[in-house]
Amino acid sequence: MIGMLSFWVLDIATEVEDGPVAWIWSIGEDGSRLIVKEPFRPVFYLTGGDLEGISTCLEASKDFPISSFSLVERRLSGRPLRAVMVSAMTDELEGLAERLRRKCGAEGVFEADIRASSQFLMRRRIRPSSWHAVEASESEAIGGYKVYRASGDYQRLERVGTPDLKVLAFDSLLLASRGTPKPEVDPAIAISAVTDRGEERQFSGDEAGLLRGFIGLVEGYDPDVVVGFNTNRRLLPYLAERCRRLGFSLSIGRLGAEPRTSVYGHQSLQGRLNIDLYDLAEETPEIKLETLEEYSSYLGLKVEYDTIDEYDLAEAWGKERSRVLEYSMQRARGIMEVYKAVSDYIFSLSEITGLPADHVLTAATGFRVENYLMGLAMEAGELVPPRGEAAYMTYAGGVVMEPRAGLHEDVAVIDFKSMYPNIMMKYNISFDTLSVDGVHRAPNLPHAFKEEVGFIPRALKGLLEERERARRLADMHPEGSVERRVLEARQRALKVIANATYGYMGWTGARWYCREAAEATSAWGRETIRSAMERAKGLGLEIIYGDTDSLFVRDDPERIRSLLGWISEALGMEARVDRRYRKVLFTEAKKRYGGLRDDGRIETVGLEVVRGDWSAIAKEAQLAALEAILKEGREEAVERVRETIEALREGRVPIKKLIIWKKLTKGVEEYEVAAPHVTVAKRMIEAGWSVKPGDMVGFIIMRGRGRLYEKAVPYFEADPSRVDVDYYIEKQVIPPVARLLSAIGIPERTLGELVLKK
DNA sequence: TGTAGGCATCCATACCTGTCGCT
DNA sequence: AGCGACAGGTATGGATGCCT
């Protein structure tokens, strides 16, 4: 029974049966969950001077797991290259390729370091998280899932959006008598779960019972997506270990599989997507503390949390158990809501980059860009180079103007649209167009680029055209519709990948690292913005500030229109007025300003207000002063500061507002100099808490003698009566506001007097 | 398992200088 | 006078987190 099968690709896996077989976990058009199976042979290439010799040698290598080999024409950095393509009967290519290279005297090996499942997706042009059709015959079902054998080519189907996925969000509580729970000794005490249909379940009490209850729920509901917060690095490995100790396994994958540790700490669930929203929170710059609560409020979700700090959990569990359980359920609900808000973006990113939806979140930006480029390379017959280790060499970046300090009225901000991608396309900047006699010569650099369209510019063109298409289509659908939401998420994902391509080229770890290309891009960028500044001056526009691809000018619609026209015609680039300020305040510092937008909102850039490593009281004080400066006057601004100082003096500031958070960026032993958050982290570790690189450490400065790092204590241990109020006044509140006030002519002395005035 | 460079800011630390007490 | 201890000032660089 052969017929066309349409399906949406959920996840991909490879198994070795007689040879490697790809399993595509999918959702059929009728909503059934199914597996498309196809045997395939991952390949690698051998290159060298004597391809005939290599071939003869391969002929005599029947004892190796090779299915076939052939002489093929490919390209390397755009230049034609002949190579021997070897098809393997194993999915462990690197060892095989290296042994054959040595045995047969080949010089180069290509693509042996690309995982079998990635090769399958790219060669067969299958994009995860999207619809395809293929000729297939039904074969024996496995564990209730229909299985199809695919034959022939896969066609991509133009269809917006995902099928109706079954989603399960969960949260789990772990209880330790002391410090951070350890899976060897400390139990899970509750698991809360919510389905996309709104069903809620909570398991608690006997640990074996609650874990079995959760496993039963997963088996029964059979979700396509399991979503949580901090599941990859923490919860899933923890729960799996608890199960093992209790004598059973955490079989929450399809076909009863346990979670498997996959690349970079990702936990893989067979046949399901395991999505950890913490990964997404981590890469969202607006989110500083990386908590579920913060993420929910950033997304503007109406979810209630009666938060219980992890440091208070043990005590709360003893005293107010029902409140703890309710909080756990609130978290599960919150996780589901966050998932619903971000899932379109995740699936778009997955489809564009070609990485399965659960892996795309754990992959860093560079690997997302690279996976996208690898897909294009395979289509174009361009060999994918191995990951090298280029020596780190820095180069010049964007230009930043010295701002005109002070308060300015009616300022327009002109932005170049996608400046770097457009420069790379305009001057055909790419690793395969770099050439000494190229027609495009980078300003003040010995780099030049050929005429014939390069790999990177072609990739960018594809991304930007696709983005335009997504935007146009989005506009054709009504506001609030599923299609519009999905298409908008798609255009955002496309923009992210396009904008990261410049940085990717300058990344020494990139397969297609090309410092010359990155360096030339920023050089043309500097030339572009400088010539725009010249022109603006020539037109009589008053320039206030500029950074890389933006220009702040006193608003003057007529002259600005003329400047934008010139940029389009003479530079062949596009710029637009991105925003307007009724008032904007600059200090002497670059990259820091605050303004009153034309829509009445206050906007802060670079100032302490937006930084996560200042206490809330300092940030509030600065924002209040800024608001007063922009909306009222200087006296009011000073008055706001006075009020804050007074509140601190009188002990009216809640201790939470005094917490200073800093990220521990490496192990505590690796630090060269003592710092408050490091000594606090050390103390916490001694007390049994796990504090690892990447964790945020919150501390408060207490009265006492010695260095600052000797006066810092973990925030949850701080005694409010012993807080070093003077530190908060003199080192936290005053400096940030003083910088703003001095920009409008109020000397720091004035604030000093405020402090003395008791 | 790291997109890039440019930048402000705080604080620890090393180093320098001058003063003081002691021999 | 010569020496070391110490206080105070300054230059430097580690560390963090922002901007485009």
Side-chain angles (χ1 to χ4, degrees), chain A residues 232 262-266 279 282-283 285-286 288 355 359-373 387 389-390 392-403 413 415-416 418-420 496-515 517-519 521-523 525-526 529 545-551 578 587-593 604-614 618 660-666 670-679 694 696-697 701 706-712 727 730-732 735-736 739:
Chain A
N232 274 336
S262 172
V263 275
Y264 189 45
H266 174 67
D279 292 326
E282 232 186 343
E283 66 178 81
E286 291 86 351
K288 315 285 181 194
L355 290 161
H359 279 102
V360 75
L361 290 191
T362 56
T365 310
F367 294 92
R368 294 179 190 167
V369 173
E370 189 152 273
N371 214 75
Y372 170 70
L373 295 178
R387 203 174 290 296
E389 280 197 23
Y392 182 74
M393 206 195 282
T394 183
Y395 60 90
V399 268
V400 189
M401 239 187 90
E402 205 73 53
V413 182
D415 260 13
F416 279 86
S418 300
M419 183 193 245
Y420 284 1
V496 165
I497 298 297
N499 285 345
T501 304
Y502 153 74
Y504 172 81
M505 297 264 286
W507 171 39
T508 50
R511 288 175 188 270
W512 283 289
Y513 170 62
C514 184
R515 197 202 82 246
E519 190 173 24
T521 304
S522 68
R526 291 192 297 276
I529 192 82
Y545 177 63
D547 184 350
T548 313
D549 62 353
S550 69
L551 218 47
D578 177 69
T587 67
E588 315 238 306
K590 299 168 174 180
K591 297 185 186 284
R592 310 182 136 228
Y593 53 90
T604 49
V605 179
L607 299 173
E608 282 74 7
V609 178
V610 301
R611 296 182 61 97
D613 57 349
W614 284 80
I660 298 165
W661 291 94
K662 277 189 172 24
K663 180 174 272 180
L664 198 71
T665 58
K666 48 189 172 186
E670 297 169 54
Y671 282 84
E672 289 181 36
V673 292
H677 69 301
V678 180
T679 51
M696 300 295 295
V697 179
I701 302 300
R707 298 283 194 181
L708 202 61
Y709 63 81
E710 296 169 299
K711 310 200 307 170
Y727 170 79
E730 286 162 26
K731 303 292 184 181
Q732 287 276 316
R739 282 189 273 273

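Proteins get letters first, then strands, A, B, ... in listed order; numbering begins at 1 in each.
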On the nucleotide [N], are OP1 or OP2 found under 4.0 Å from the side-chain N or O atoms that [X] carries?
X	N	answer
Y392(A)	dG5(B)	yes
H677(A)	dA15(C)	no
K666(A)	dG14(C)	no
T665(A)	dA15(C)	no
Y671(A)	dT16(C)	yes

If you check every side-chain atom of [X], which of [options] has the closest atom?
X	options	answer
R611(A)	dT16(C), dT1(B), dC10(B)	dT16(C)
Y395(A)	dT9(B), dA4(B), dC19(C)	dA4(B)
R739(A)	dT13(B), dG17(C), dC10(B)	dC10(B)
A589(A)	dT16(C), dT1(B), dA8(B)	dA8(B)

Please give, in whole Å, the distance from dG17(C) P to W614(A) CH2? 13 Å

CZ of R592(A) versus C1' of dC7(B): gap in Å, rounded? 9 Å

Between Y502(A) and S418(A), is any side-chain donor less than 3.5 angstrom from a side-chain acceptor? no

Look at all strands and tell whether [X] reaches a base, only sugar-phosphate, or nothing, counting heavy atoms closer than 4.0 Å.
X	answer
G398(A)	sugar-phosphate
A396(A)	sugar-phosphate
S522(A)	nothing
R368(A)	nothing
F416(A)	nothing

Mapping K591(A) and T587(A) to their closest nucleotides on DNA chain B, which lands nearer the 5' end? K591(A)

Report, as yes or no, whether the 6.0 Å neighbourhood of atom [atom1] on [X] holds more than 12 heavy atoms from other residues, nucleotides or ligands.
X	atom1	result
E389(A)	CD	no
K288(A)	NZ	yes
E283(A)	CD	yes

Hey, is Y502(A) stacking on dT3(B)? Ring centres under 5.5 Å, planes under 30°. no

Charged N-O contact under 4.0 Å between K591(A) and D547(A): yes

